There are 2 protein chains.
Amino acid sequence: MINDLTPIATSTRADIVEIRIREYLSSKKLKAGDTLPTELELAEALDVSRNVLREALSRLRMLGLIETKKKRGMVLSAPDILGSFERVLNPQLMDENTMKDIFELRLLLELGMADLLYLRKTDKDIAELERIVKKDKNADAEEFRISQEIAFHGKLYEITGNTTLKRFQTMLMPIFGFVLNKSHHSIKSEVSHSDLVQILKTGDRDAFSKAMQEHLRPHLEFLGER
Amino acid sequence: MINDLTPIATSTRADIVEIRIREYLSSKKLKAGDTLPTELELAEALDVSRNVLREALSRLRMLGLIETKKKRGMVLSAPDILGSFERVLNPQLMDENTMKDIFELRLLLELGMADLLYLRKTDKDIAELERIVKKDKNADAEEFRISQEIAFHGKLYEITGNTTLKRFQTMLMPIFGFVLNKSHHSIKSEVSHSDLVQILKTGDRDAFSKAMQEHLRPHLEFLGER
DNA sequence: TTAGGTACTTATGTACTACATTATAGTATA
DNA sequence: TATACTATAATGTAGTACATAAGTACCTAA
């Protein structure tokens, strides 16, 4: 019961300055390319030492929100939204529940992928998939099987033409390696990669959607109620 | 052609220190709860001023990777993976392609949601959904319609029981507001929220999956080839 | 006139020192 | 034994100084 009480958040000046600057950016409706005041001006306006200010700026710089050039000052820039994500995606540190959440998220993405695939697939993509699954037959070694998984599913993400999605999947892979190692992957699926390619090639969207669900069933059954 | 050449990345000491500390953490296989050396020790070991070191630490602290208490020093902690994401999710700054990518990502999630919903839905959830859609009838004002969208789809995410997913959706909402305002939302869907609830209540997983696809068709058709 | 160099200016990057703050541990006291 | 006080050791903040690099303006020579 007492565990529910988390320590009160004592924020440092850098924390506050970070927030204040964010507010400043959005209230002034600044957009990428606009320049910011100099460090000295900001520090004076916020009434903090340049030290503190720079700690806050350092954070924004890391996120890609601002870029600074010697003399020219600081300019706002469009951040790479996945860049910051990548920085905290450390399976070593992640708690198990979050890992499960992310695992489910991946399943959702693949289960919902059919429409995008049928919208954007090309003959070249199919050929590439066929090339990949051809190697599946001699998939005996554990390590090789995993690399096949990555190659096949990775290619599916690629076909969606959604680069953010593809990058997302790429950086999530270490997590799956972590989860998969634990269990529930010895169960063989009824629908193979090869089957999926065949359907993608000649079948329709609904057939593929069902096939994908079947392909992922071993994982789905593992999920449970919560 | 010349535009492809981006300026060479000149990294500051803080950038390098940040990387070095990350390497240190993973090479030592430190996990949440472990303590780090003091600032002075780190600064000396890395041969940088405490200033630079603190800029790097400030970043890690922002990401939730480390927590620092006065005297006790710094301890590693499990970062909130979405916290950093939230920080860069500014529609004001985001470029249009990324926004489209994220919009598609949301569609994928909802299209793939059927299994999770049928796995975890309760009678209470259904009742709640019915309560929400009851208000749909008098959905005349634009603003009200949007709040209905949010309430309904938000509840679906909630039913999945996946808190990471739910938070993800919540923080993505401003983006959708941005995209939706632009166009393609005047087209009325063939399948209403009310229909979806009915199917979720009495129908099976496949029926719901198809219905959801139908419900989202106006958006899907807007996507295009790429 | 113009290309190219030189000195100047200015904003960021880094280092160092000093002190405030506060959680912890250790000590003294009732 | 429990409480209060004290010392100490770490982070938090401020300020100064100088290095570095990138513009700017001026100036010189072909």
Side-chain angles (χ1 to χ4, degrees), chain A residues 2 5-22 24-25 28 30 32-77 79, chain B residues 2 5-22 24-25 28 30 32-77 79:
Chain A
I2 198 71
L5 269 53
T6 56
I8 60 174
T10 75
S11 45
T12 66
R13 271 170 142 68
D15 293 331
I16 297 168
V17 168
E18 186 202 333
I19 294 172
R20 291 288 300 276
I21 293 180
R22 299 192 111 91
Y24 172 80
L25 298 183
K28 283 229 163 190
L30 297 181
D34 294 344
T35 63
L36 275 72
T38 69
E39 290 185 357
L40 253 59
E41 287 170 333
L42 284 173
E44 192 169 352
L46 292 161
D47 192 29
V48 293
S49 72
R50 216 179 128 219
N51 246 336
V52 166
L53 176 77
R54 277 184 63 85
E55 284 190 21
L57 289 180
S58 177
R59 301 177 180 186
L60 303 183
R61 205 157 28 230
M62 176 191 64
L63 297 177
L65 243 66
I66 61 178
E67 284 172 15
T68 73
K69 299 251 167 80
K70 281 277 162 94
K71 166 88 180 200
R72 259 185 68 194
M74 296 175 287
V75 296
L76 258 174
S77 53
Chain B
I2 197 72
L5 268 54
T6 55
I8 59 174
T10 75
S11 46
T12 66
R13 272 172 140 70
D15 294 329
I16 297 168
V17 168
E18 186 202 333
I19 294 172
R20 292 288 300 276
I21 294 180
R22 298 191 112 92
Y24 172 80
L25 298 183
K28 283 228 165 190
L30 297 181
D34 293 344
T35 62
L36 275 70
T38 69
E39 290 186 358
L40 254 58
E41 287 169 333
L42 284 173
E44 191 168 352
L46 292 161
D47 191 29
V48 293
S49 73
R50 214 180 129 218
N51 244 335
V52 166
L53 177 76
R54 276 184 64 84
E55 284 190 22
L57 290 179
S58 177
R59 301 176 179 186
L60 302 183
R61 204 158 28 230
M62 176 191 66
L63 297 177
L65 242 66
I66 60 178
E67 282 173 15
T68 72
K69 299 251 167 80
K70 280 280 162 86
K71 167 87 178 201
R72 257 187 68 193
M74 297 175 286
V75 296
L76 259 174
S77 54

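In what follows, chains carry the letters A, B, and so on, assigned in the order in which the sequence lines appear, proteins first and then strands, with residues in each chain numbered from 1. Keep in mind that what you see is a predicted model, and the values were worked out from it rather than measured.
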> What is the distance from CG of A/D47 to P of D/dA14, rounded to the nearest Å?
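Nearest whole value for this atom pair: 7 Å.
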> Would you please confirm or rule out a distance under 4.0 Å between OP1 or OP2 of C/dA15 and any side-chain N or O of B/R13?
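True: B/R13 side-chain N/O within range (under 4.0 Å) of C/dA15 OP1/OP2.
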> From CD of B/E44 over to P of C/dC16, roughly how many Å is that when rounded to an integer?
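Whole-Å distance recorded here is 11 Å.
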> For B/L46 and C/dT14, give me the distance from atom CG to atom P, rounded to whole Å.
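Whole-Å distance recorded here is 13 Å.
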> Round to the nearest Å and state the distance from A/K70 atom NZ to D/dG23 atom P.
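It is 12 Å, rounded to the nearest whole Å.
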> If you check every side-chain atom of A/R54, which of C/dT14, C/dA11, D/dT11 has the closest atom?
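Between C/dT14, C/dA11, D/dT11, the one nearest the side chain of A/R54 would be C/dT14.
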> Phosphate oxygens OP1/OP2 of C/dA15: is one of them under 4.0 Å from a side-chain N or O of B/S49?
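The answer is yes; a side-chain N or O of B/S49 sits under 4.0 Å from OP1 or OP2.
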> Among B/I21, B/V75, B/L60, which one satisfies side-chain contact (heavy atoms from CB on, under 4.5 Å) with B/I66?
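Going through the options one by one, the only one that passes is B/L60.
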> Please lay out, stage by stage, how A/R59 and A/D15 fare under the test side-chain contact (heavy atoms from CB on, under 4.5 Å).
CA-CA 10 Å; A/R59 301 177 180 186; A/D15 293 331; 2.8 Å; yes
> As an exercise, state the distance from CG of A/L42 to CD of A/E39, rounded to the nearest 0.5 Å.
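One finds 8.0 Å between CG of A/L42 and CD of A/E39.
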> Strictly below 4.0 Å: does A/R61 bring a side-chain N or O up to OP1 or OP2 of C/dG13?
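For C/dG13, OP1 or OP2 has a side-chain N or O of A/R61 closer than 4.0 Å.
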> Nearest-nucleotide wise, let me know which of A/K71 and B/L40 is further upstream toward the 5' end of DNA chain D.
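Between the two, 5'-proximity favours B/L40.
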> Please give, in whole Å, the distance from C/dG13 C1' to A/K69 NZ?
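Distance check: A/K69 NZ to C/dG13 C1' gives 16 Å.
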> Under the criterion side-chain contact (heavy atoms from CB on, under 4.5 Å), which of B/T12, B/V52, B/L57 is the partner of B/V17?
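The passing option is B/V52.
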> Both B/R50 and A/L36 contact DNA chain C. Which one's nearest nucleotide lies toward the 5' end?
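By nearest-heavy-atom nucleotide position, the 5'-most residue is A/L36.
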> Starting at CZ of A/R61, measure out to CD of A/E67 and round the result to the nearest 0.5 Å.
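Going from CZ on A/R61 over to CD on A/E67, the span is 10.5 Å.
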> Please check the phosphate of D/dA22 (OP1 and OP2 only) for any side-chain N or O of A/R72 closer than 4.0 Å.
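Answer no for this pair, as no side-chain N or O of A/R72 is under 4.0 Å from OP1 or OP2.
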> Counting only side-chain nitrogens and oxygens, does B/T68 get under 4.0 Å of the OP1 or OP2 atom of D/dA10?
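No, outside the criterion.
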> Hey, which of B/V48, B/L46, B/D47 is the one that makes side-chain contact (heavy atoms from CB on, under 4.5 Å) with B/R13?
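Result: among B/V48, B/L46, B/D47, B/V48 is the only option passing the side-chain contact (heavy atoms from CB on, under 4.5 Å) with B/R13.
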> Figure out the CG/C1' separation between A/D15 and D/dT13, and round it to whole Å.
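One finds 13 Å between C1' of D/dT13 and CG of A/D15, rounded.
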> Given D/dT20, D/dG15, D/dT11, which nucleotide is nearest the side-chain atoms of B/N51?
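Nearest nucleotide to the side chain: D/dG15.
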> For A/E55 and C/dT14, what is the distance between atoms CD and P respectively, to the nearest whole Å?
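After rounding, the gap between these two atoms is 14 Å.
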> Using five pairs at either end of the helix from C/dT1-D/dA30 to C/dA30-D/dT1, determine the angle between the two local helix axes and round it to 10 degrees.
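That helix has its two terminal axes inclined by roughly 0°.
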> Distance check, rounded to the nearest 0.5 Å: A/L65 atom CG versus A/M74 atom CE?
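So the CG of A/L65 and the CE of A/M74 are separated by 12.0 Å.
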> Does a side-chain N-to-carboxylate-O contact under 4.0 Å join B/E18 and B/R22?
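Yes, charged N to carboxylate O under 4.0 Å.
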> Find the distance A/L57:CG to C/dT14:P and express it as a whole number of Å.
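Rounded to whole Å, this separation is 14 Å.
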> As a test of reading the structure: which of C/dG13, D/dG12, D/dG23 is closest to the side chain of A/T12, going by heavy atoms?
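Per side-chain heavy atoms of A/T12, the pick is D/dG12.
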